[in-house]
Structures are given as C-alpha cells and as structure tokens.
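Input: a single structure, listed below in structure tokens.
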Number of protein chains: 2
Amino acid sequence: MWCHWIDQAATLQVEEVWVTRSDEHAVGQIHARMPLSATPPTLADVAERAGVSRQTVSNAINNPDLLRPDTLVRVQESIDALGYSPNRAARNLRTRASHLIGMRIGPAQEGTANATMDRFVHSLVETSREAGYHVLLFAGTGSRTDPVAGYDDLLRSTAVDAFVVTDTYLGNPQAAWLQERRAPFVAFGRPWDTLQHGGQARHSWVDVDGAAGTELATRHLLDKGHHRIAWIGWRKDSRIGEDRRSGWSRAMHGRGLPTTGLASRVEDTVVSGREASAHLLDSAQPTAFVCASDTLAMGVLHTLRDRGLRAGEHVAVVGFDDSQVAQVVPPGLTSVRQPLEQVAVEVVSALEALLAHPPVSGSGVMLTPTLAVRGSS
Amino acid sequence: MWCHWIDQAATLQVEEVWVTRSDEHAVGQIHARMPLSATPPTLADVAERAGVSRQTVSNAINNPDLLRPDTLVRVQESIDALGYSPNRAARNLRTRASHLIGMRIGPAQEGTANATMDRFVHSLVETSREAGYHVLLFAGTGSRTDPVAGYDDLLRSTAVDAFVVTDTYLGNPQAAWLQERRAPFVAFGRPWDTLQHGGQARHSWVDVDGAAGTELATRHLLDKGHHRIAWIGWRKDSRIGEDRRSGWSRAMHGRGLPTTGLASRVEDTVVSGREASAHLLDSAQPTAFVCASDTLAMGVLHTLRDRGLRAGEHVAVVGFDDSQVAQVVPPGLTSVRQPLEQVAVEVVSALEALLAHPPVSGSGVMLTPTLAVRGSS
DNA sequence: GTGAAAGCGCTAACAG
DNA sequence: CTGTTAGCGCTTTCAC
C-alpha cells in the first residue's frame with residue numbers, strides 16, 4: 001500500500017514504503033517507524049518512483065502538455081501516491097516569486113462600527129486563493145516615524161510579490177512610496193491626490209463610488225416623502241467624506257431642495273454623531289439623517305433614544321458601510337453597502353495583470369454600492 | 001553618496017554607485033539609470049563591499065557575537081548602505097522554515113455580532129511580528145468534503161511553520177488531523193473532546209474561561225438587585241455554550257436562586273434571541289438577561305423595543321464578546337470581554353515553544369475574561 | 001518528449 | 001574569528 005508520506009509516520013504502519021529521501025538502499029526496506037518529522041518527498045523521489053528524471057516531473061506539474069500522456073499519468077500517479085507537493089521555498093527561490101500578497105492591517109478600531117476592512121480581508125483571501133495567491137498580513141509599525149517600514153522590509157526580502165493598499169487617503173505616503181520603488185501594488189481607494197491635480201493615476205486602483213451611495217440613500221429618503229434631510233459627515237479635509245457628502249447634496253439639489261443649515265462635519269465617533277444630530281434636530285428640524293458612516297448613524301440613534309424618538313417612525317436614519325452593527329441593531333439600520341466581494345475580485349484581477357509578463361498597470365475601476373434598507377427608514 | 005539599491009532606480013541619480021549584482025567591472029561606474037526592476041543586493045554584494053566573505057556577513061546577521069566588533073561595524077555599514085535584507089526564499093529553503101504561521105479564516109458572518117476572530121487576527125498579527133513571524137491567511141475550502149484541504153496543502157508544500165486553529169468545537173476534525181500529522185499548531189479553544197474523556201490534552205491550547213465570564217456577568221446583575229435572571233444560550237450540543245451556561249447557573253445557585261424555567265437554548269441568531277426573550281418575558285418575567293453572545297443579546301434588545309421597554313431601565317441585558325455592536329448600540333450593551341490581546345500573546349508564546357529545539361508541547365493556558373459594563377445593565 | 005547541468009541566495013559544517 | 005565547501009529543492013537553459 002502506498003500512502004502519503006506523513007501517514008506513514010502517523011500510523012506507524014509496517015509496510016513496504018519508499019523513504020522520503022532518495023536513498024537507494026532504503027527502497028523496499030521495512031520500516032516500523034518513520035522519523036516523526038520526516039521530510040516531505042521531493043521532486044527526486046517522485047522522479048525515481050516514476051522512473052523518469054526530475055525535470056520530467058517538474059514539467060508534469062508546470063507544463064503538463066509537454067509530456068506524453070502515458071508518462072504524465074505515470075508521474076501523476078507517483079505524485080498522488082507520495083503526496084508530493086512542490087517545496088514552496090525552493091520554487092520561490094528559483095522563480096523569484098512568492099505567490100504571496102501583502103496587506104497591512106491596522107489596529108482594530110474599537111468603539112466604532114467600522115468593520116469594512118475585515119469583510120474585505122475575507123473576500124480578498126477567498127479571491128486570491130482562486131488566483132493561486134495567499135494573503136500575508138503584517139502590522140503597521142505603530143511608530144509615526146516610519147509608516148512604510150513594514151512594506152520596506154517585506155519588499156527588500158522579497159517576501160511578497162505585491163501589496164494591497166487600503167488606506168489611500170490624501171497625504172498617505174504609502175502609495176507614492178511604493179510607486180517610487182516600482183513595487184507592484186493595487187490600491188483599494190482612489191488616488192485622490194493625483195485626481196485632484198487632473199493627472200492620470202499612475203497605479204492600479206479599485207474603489208467604490210461613495211457619492212453614488214449617498215445619493216442612493218438620499219433619493220430613497222426623498223421617495224419616502226422626506227424633504228428636510230440632514231447630512232452628518234466627516235471633517236472637510238477628508239476627501240472620502242467630501243465625496244460622500246456630494247452625493248447627498250446632489251440628490252437634494254436635484255429635487256430643488258435646499259441644504260443650507262442641514263449639514264454637519266465632525267469626527268468619526270459615536271459621540272460626535274450624537275452631538276451633531278442633537279444640534280441639527282434643534283436648529284433645523286430634519287426628519288431624516290444621512291451619515292457618512294454607520295458609526296455616526298449610531299450616534300444619531302443615541303440622540304433619538306435620548307429624546308424618546310423612534311428611528312424609522314419619527315426620524316429616518318441611513319448609515320454607510322452596512323456593518324454588522326447596522327444589521328443587528330434594532331430596528332435595523334438602513335445603510336449603504338460596498339460591494340466588497342467584487343472589490344476583491346477586481347483587486348486580484350488588477351494584481352494578476354500587474355504580475356503578468358509584461359506587467360499591465362491598468363487604470364482604475366469604480367464600483368457602485370447598493371442600499372440595504374432596514375427598519376430605520 | 002551611498003544609497004539604497006532601489007533609491008538609485010527611483011531617483012535616477014547620476015552617482016557613483018555599486019551595482020546590485022557583484023559585477024566587478026561596474027564598480028565605480030557612472031550610471032544614469034539603473035534597471036527599473038534591479039534585483040536586490042545579495043549577501044555576496046555586501047561581502048564584497050565590506051571586504052569579507054559571504055559567511056561573515058551571514059554571521060553578522062545571525063550570530064553577531066561571533067564577529068569582532070570592528071568587523072561587525074564594517075559589515076553592518078555595508079548592509080545599511082546597500083539596503084540589504086536577506087532573501088526570504090533562500091533563507092527558507094536553507095533553514096527549512098518559513099517564519100509564517102497559517103490561520104484559516106472563515107467566511108464573514110453577516111447578520112451577527114460575531115467579530116471575535118477579527119479582533120483576534122489583529123492581535124495575532126501584532127504579536128507574531130514581535131516574535132519574527134508573519135501571519136498567512138487562507139480560506140476554508142467551502143467544500144464540506146475536505147475540511148482540511150487548506151491545511152494539507154500548506155503543510156505539504158512547507159509554506160508555513162505552524163498553524164493557529166481557532167474553531168476547536170467538539171467534532172472539529174482539524175485538531176485531530178493536525179496532531180496525527182505531527183504538524184505544529186496551537187489551538188485557540190480547549191480540546192473539548194479530550195477533556196471530556198478525562199485525558200490529557202495532547203496539544204497546546206489557549207482559551208478563555210467562558211463560565212467565569214458569565215458568572216461575572218450574572219453576579220454583576222445580582223449585585224444590582226436582580227433575582228430573576230434569565231439565560232439565553234446555544235443548543236445543548238455546543239460545548240462552549242454549555243460552559244458559558246454553567247457560569248450563569250453557578251452564580252444563581254450560589255445565591256440560592258432557582259434557575260428553573262429561566263433558561264433557553266437556541267441558535268445563535270438575532271431572531272432566535274428575539275423570540276427566546278419574548279417567550280421568557282411572558283413565561284418567567286425575568287428582570288435581566290445573560291446571553292451567550294452579543295448576537296443573542298441584540299435579539300433581546302429587539303424584543304424590548306417591540307414592547308416599549310428600555311434596556312438598562314426596565315430590563316437589564318448582558319452579552320458576550322464585547323463586539324463593536326455592544327460598544328456602539330444605544331444605550332451600550334454590557335458584555336463579557338475576552339482578553340484577545342493576551343490570548344494572542346499566549347498563542348505566540350506557545351508557538352515559539354513548539355518551534356524551539358527541542359519542541360516543547362506545552363499544555364493549556366486558561367485566561368479570565370472581564371466585564372465591560374455599559375448602559376444596558 | 002526527455003535528460004543533464006547549472007544555479008537561484010542562503011546557512012551549516014568544517015577548516016584554517 | 002574568518003573563509004571554503006557543499007547543498008537545501010526547484011526550474012531554466014540547452015543537448016539529445
């Protein structure tokens with residue numbers, strides 16, 4: 001019986017087995033125990049067993065059509081019998097590729113509803129696998145002094161083939177730095193700074209049209225009969241925030257409605273959303289709120305609770321990101337949902353183009369969000 | 001001016017530079033442009049520049065105390081000047097180690113408040129880095145037929161040094177399978193099946209004492225004057241669920257209070273929590289709820305809203321996991337918080353022991369959760 | 001179609 | 001303390 005190399009060790013079977021190293025003297029020997037940490041079979045082992053050269057086995061794996069069908073079958077059978085899988089390190093060394101894509105993961109944001117990145121990571125891992133890649137996570141340095149240290153290290157040691165960069169807000173040095181190094185990367189997020197200056201993006205990116213999302217949300221509320229719809233967004237220096245805000249004002253102005261006095265720009269915290277909504281309710285009596293994030297929307301829900309108002313009955317609320325919070329909070333928070341699964345697909349697709357020969361540095365892809373309607377509107 | 005190898009390409013400086021490959025003829029030449037994808041410097045480049053052998057450079061990195069101080073300084077200076085970083089693939093091939101730890105990531109659970117894994121991943125990445133490891137994420141196969149395919153692949157291709165296994169519920173085949181293969185891994189979660197049979201755990205694990213958490217939660221409510229405290233937990237076949245339940249009943253019985261008719265066991269969904277709490281309110285008039293998860297607790301909040309009751313005023317509610325939801329939902333959900341940062345530290349510590357020579361397969365580590373008190377209690 | 005030779009960049013073992 | 005030698009397992013020439 002031919003079994004996988006490690007089964008031999010595990011089950012301690014007394015069988016005629018091939019040893020894992022190509023040691024001719026051991027072939028056909030009886031082994032009561034294999035060493036516990038037996039080294040996996042190599043190309044040479046497979047070759048010997050199949051009666052071909054190492055090269056032929058390599059071809060069977062990487063260029064199967066070069067082999068004669070019967071040879072291929074024989075080699076394949078040996079591969080299966082031995083449970084062979086090419087050694088990654090050796091392959092990486094030879095091909096100068098790791099089939100790993102790096103992604104920096106920041107500290108978990110507590111006290112907010114921001115879980116976009118987590119949902120995205122899931123999707124990215126799934127999609128990468130189909131393209132033959134794994135995702136390598138690395139931490140932000142934590143030190144303000146060198147925000148690109150993690151990237152630098154991975155790049156110089158050729159640990160990853162490419163990066164996925166997720167926080168491409170204006171002034172973020174990573175994209176520019178990676179570009180300068182000619183490091184392959186795809187950004188989840190527009191290159192705001194480049195677009196600002198009317199230039200062409202010089203790197204691949206995928207993004208979701210935030211303005212389209214908030215416009216969708218605002219139209220939804222308008223269709224429900226609301227006229228005084230307030231906006232709670234981020235501070236003016238946030239490009240993403242201003243983009244999302246523009247969707248709200250576009251929808252309002254599109255119906256000939258004024259926006260004066262209905263907007264507020266604050267930090268992205270629950271407390272800020274709570275305070276901003278309280279002020280707006282006092283000053284402008286809105287019947288609905290569109291928010292730049294679920295976090296801010298939760299702040300609105302706090303204010304409504306403070307005042308004995310019920311979301312979805314007295315005042316409508318819409319958030320942004322369709323976080324878990326939006327999904328489970330009573331009575332359900334209507335929220336703009338980013339198509340993160342599709343973002344992942346586009347990111348991987350751009351990555352593949354980037355790593356092809358010759359590399360294709362595609363331009364941007366813009367995706368449109370949807371609206372998850374729930375009890376709050 | 002000596003600059004990092006890639007800076008040369010990026011800034012297109014006209015300088016006297018060392019080329020990246022050890023090509024004697026090029027030393028001291030003037031280069032207007034370096035090739036855009038110049039290969040990083042190797043050990044040989046550093047050695048040549050420092051006037052030592054390759055081995056000495058290797059020692060400078062891996063065994064600095066073997067070098068004479070002045071030699072070390074000279075080598076270090078060359079390393080810095082060239083921006084040298086050892087090629088991972090080559091090192092991995094030679095040392096038979098990847099310095100990567102694999103972790104399977106399941107699909108994102110929508111419609112629940114379960115974000116434990118995400119918080120844990122963050123912590124794990126941070127902690128691993130300090131130990132010189134990176135985290136490699138891989139996806140569940142999705143196919144029910146072979147739940148260990150991802151592990152198998154990574155293991156056989158020697159892509160990772162070890163695994164962190166997170167879902168060790170009873171009957172989960174992964175732990176047993178990995179153990180059989182002699183694959184180094186640490187479980188986040190007790191080996192329930194082994195403990196059940198009174199045996200010693202044969203693999204390293206780290207877990208959080210769920211019963212202690214619910215006991216803490218229940219005592220907190222008892223101290224607030226509640227007597228009729230209901231439990232909403234998971235189905236009986238969940239070992240974790242039964243463990244958490246035991247903390248509640250222990251606290252209740254400890255004060256001589258009955259638990260009959262106060263417990264409910266349902267699926268881990270918001271809807272189940274909502275229905276269960278509605279039933280319990282009708283049948284047993286509890287004044288407080290302790291739940292096995294934040295998801296179930298959110299179900300309770302739904303019921304309270306349905307009935308015009310206010311959490312924290314009319315009825316107290318405590319959840320489990322201290323999810324983002326618990327943190328932002330009005331009026332704040334009191335919740336048992338797992339010390340995930342500490343779990344990560346213990347996991348990495350166990351991993352290091354496992355990968356040491358000789359490997360130390362430590363037994364289990366049990367950590368105690370805390371209670372995050374908020375408006376709902 | 002298949003095989004032989006060379007070498008990716010590094011480190012373990014030994015020699016000086 | 002430093003240098004020499006060898007080889008990790010694989011794939012890319014290039015013969016045959």
Side-chain angles (χ1 to χ4, degrees), chain A residues 5 20-23 37-48 50-76 78-79 82-99 156-159 161 357, chain B residues 5 20-23 37-48 50-76 78-79 82-99 156-159 161 357:
Chain A
W5 61 275
T20 55
R21 306 276 55 262
S22 50
D23 174 359
S37 58
T39 54
T42 71
L43 213 51
D45 300 324
V46 177
E48 191 178 355
V52 296
S53 76
R54 283 165 31 211
Q55 185 44 37
T56 302
V57 179
S58 178
N59 283 336
I61 294 167
N62 302 309
N63 302 87
D65 21 301
L66 287 184
L67 298 209
R68 228 172 24 214
D70 61 318
T71 315
L72 182 57
V73 168
R74 213 169 66 247
V75 173
Q76 191 58 54
S78 288
I79 289 176
L82 259 32
Y84 169 74
S85 191
N87 180 300
R88 284 267 222 280
R91 172 178 275 184
N92 292 350
L93 176 58
R94 189 61 238 233
T95 62
R96 298 173 174 286
S98 64
H99 281 262
R156 287 218 312 255
S157 59
T158 59
D161 291 348
H357 301 288
Chain B
W5 60 276
T20 55
R21 307 273 59 261
S22 49
D23 174 1
S37 57
T39 53
T42 70
L43 211 54
D45 300 325
V46 178
E48 190 179 358
V52 296
S53 75
R54 281 160 38 205
Q55 186 48 36
T56 303
V57 179
S58 178
N59 284 337
I61 294 168
N62 301 308
N63 302 88
D65 21 300
L66 288 183
L67 299 209
R68 223 171 31 210
D70 60 319
T71 315
L72 181 57
V73 167
R74 214 168 66 246
V75 172
Q76 191 58 52
S78 287
I79 289 175
L82 260 31
Y84 170 75
S85 190
N87 180 301
R88 286 273 223 281
R91 171 177 277 184
N92 292 350
L93 177 58
R94 190 62 239 231
T95 61
R96 297 172 175 286
S98 64
H99 280 261
R156 287 218 311 255
S157 60
T158 59
D161 291 348
H357 301 287

Indicate whether OP1 or OP2 belonging to D:dC1 is found under 4.0 Å from a side-chain N or O atom of B:T71.
no
Quick one: CG on A:D65 to CG on A:N59, what's the gap to the nearest 0.5 Å?
9.5 Å
Rounded to whole Å, CD of A:Q55 lies from P of D:dC10 at a distance of 12 Å
Is the phosphate of C:dG9, meaning OP1 or OP2, less than 4.0 Å from a side-chain N or O of A:R96?
yes
In this structure, which one of B:V75, B:L43, B:V46 forms a side chain to side chain contact (heavy atoms under 4.5 Å, CB included) with B:S58?
B:L43
Which of residues 87-95 of chain A have a heavy atom under 4.0 Å from DNA chain C?
A:L93, A:R94
When you measure from the side chain of B:R74 to the backbone N and O of B:A50, does any donor-acceptor pair fall under 3.5 Å?
yes
Would you check if A:I61 and A:I79 make a side-chain contact, meaning some heavy-atom pair closer than 4.5 Å?
yes
Could you check which residues of residues 57-67 of chain B get a heavy atom under 4.0 Å from DNA chain C? Sort them by number, please.
B:S58, B:N62
Rounded to the nearest Å, what distance is computed from the CZ atom of residue A:R54 to the P atom of nucleotide D:dT13?
17 Å
So, is A:R68 near the phosphate of C:dT2, with a side-chain N or O under 4.0 Å from OP1 or OP2?
yes
Tell me: CG of B:L43 to C1' of C:dT11, nearest whole Å?
9 Å
Is any side-chain heavy atom of B:L67 closer than 4.5 Å to a side-chain heavy atom of B:Q76?
no
Separation of D:dC1 atom P from B:R74 atom CZ, nearest Å, is 14 Å
Return the minimal non-hydrogen interatomic distance between A:A89 and B:N92, and the atom names on each side.
CB-CB, 3.6 Å
When rounded to the nearest 0.5 Å, the distance separating OG1 of A:T42 from CG of A:N87 is 9.5 Å
Tell me the closest heavy-atom pair linking A:R96 and B:T39, and the distance in Å.
NH1-CG2, 4.2 Å
